Protein chains: 4
Amino acid sequence: MSEPNVAADQLRLLIERIERLEEEKKGIGDDIKDVYLEAKATGYDAKIMRQIIRLRKMQPHDRQEMEAILQTYLAALGME
Amino acid sequence: MSEPNVAADQLRLLIERIERLEEEKKGIGDDIKDVYLEAKATGYDAKIMRQIIRLRKMQPHDRQEMEAILQTYLAALGME
Amino acid sequence: MSEPNVAADQLRLLIERIERLEEEKKGIGDDIKDVYLEAKATGYDAKIMRQIIRLRKMQPHDRQEMEAILQTYLAALGME
Amino acid sequence: MSEPNVAADQLRLLIERIERLEEEKKGIGDDIKDVYLEAKATGYDAKIMRQIIRLRKMQPHDRQEMEAILQTYLAALGME
DNA sequence: AAGCAAAAACCCCATC
DNA sequence: GATGGGGTTTTTGCTT
């Protein structure tokens, strides 16, 4: 048409961009799943691998949090 | 060392691959968030856009069925 | 000790009160889960029941408005 | 009516039970919020209190998990 | 408005 | 092959 519904197009474009990104994201999710399958085939347990990865991710953060807590514990108890 | 722990290397490699993929995945997640922000800035409602995307993902048949059940329940409750 | 740490006791008390309340809250959450299970056993769809409950919680006006926006978006995308 | 819609009644009853439970749950949530307000008025920081509570909740679980990981790490690397 | 915490949906697995 | 359960991710609502 000569007078396209601009707003509609705009919305559609945004949604299509999101859908494309979500597909990509899903693709990577599948890749991850494949690596787990490969690991499993090699004899590793996926559940344990997930734990390890979580631990590696958490460690810096958690140590920080733990420290923060300690500090604040003392402060809260008026022992600073 | 002259006798590297092959199993350890193998496991570490698998884990590092997964960690890299997860980073990528996170990056795309951030991109998606950006598009929603852009949409919001343009005046669109992110929450409803999410609904739309969910609906588009469903098979027409499933979508119809779900809608039908919803209507039935609403009717049963006098909410039509 | 002859000089108990009053501040520490106070903080501990507050925290214990919260922990007790959170337990209660969790208990009710479990009850809710049970009702959904019962509903499911009777043939109802839990997911749709949740939708219904969400709708009932909204003010009629808000619900109408949301529905209207959804329709507008669907129309814009040719999904009506 | 002399022939009530039994199914409708049944659904309504289930939903009303859930709604009542959710109200209770919300009430407790409000109580919790109140305790936090009280704590704040006494000079404690809610965010820090939340951290403490989370930590107290996590500790047993996390120590277990950590130990499990350690075991499995060794096992996975053939060092058991 | 931006991050954080709670709730909900989804997905995979194991089990019967 | 279905069915529940655990865990992960996604969404929503809240607080600052």
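Since we're looking at a predicted model, the values are computed, not measured. Every chain is numbered from 1 and lettered A, B, ... according to where its sequence line falls, protein lines coming before strand lines.
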Give the B/S/- string for nucleotides 10-16 of chain F, one per nucleotide from 5' to 3', where a protein heavy atom under 4.0 Å of the base yields B, of only the sugar-phosphate yields S, and otherwise -. SSSS-S-
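- For the pair Met49(A) CE and dC13(E) P, the computed distance is 14 Å after rounding to whole Å.
- Atom CD in Glu65(A) sits about 11 Å away from atom P in dC4(E), given to the nearest Å.
- Taking atom CG of residue Asp34(A) and atom P of nucleotide dC12(E), one finds them 12 Å apart after rounding to whole Å.
- Atom CE of Met66(B) and atom P of dA9(E) are 9 Å apart (whole Å).
- Geometrically, Arg50(B) engages Tyr36(B) in a cation-pi contact defined by less than 6.0 Å to the ring centre and at most 45° from the axis.
- Within 6.0 Å of the CD atom in Gln59(A), the count of heavy atoms belonging to other residues, nucleotides or ligands exceeds 12.
- Straight-line distance from the CG atom of Asp30(C) to the P atom of dG6(F): 12 Å, rounded to whole Å.
- Protein atom CG of Asp45(C) is 14 Å distant from nucleotide atom C1' of dC10(E), rounded to whole Å.
- When rounded to the nearest whole Å, the span between CD1 of Ile18(D) and C1' of dA8(E) equals 14 Å.
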Using the salt bridge (Lys or Arg N to Asp or Glu O under 4.0 Å) rule, take Glu22(D) and Lys26(D) through it: C-alpha gap first, then chi angles, then the decisive distance, then the call. CA-CA 6 Å; Glu22(D) 279 186 354; Lys26(D) 189 187 178 319; over 6 Å; no
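- Looking at Glu67(B) and Gln71(B), their side chains do bring a donor and an acceptor atom within 3.5 Å of each other.
- We find that CD1 of Ile48(C) is positioned 14 Å from C1' of dA9(E), with the value rounded to whole Å.
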Can you check side-chain contact (heavy atoms from CB on, under 4.5 Å) on Ile48(D) and Ile69(A), steps first, answer last? CA-CA 7 Å; Ile48(D) 288 165; Ile69(A) 295 263; 5.7 Å; no
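- Two different hydrophobic clusters hold Ile15(A) and Leu13(A) under the rule that ILVMFWY side chains link at heavy-atom gaps under 4.5 Å.
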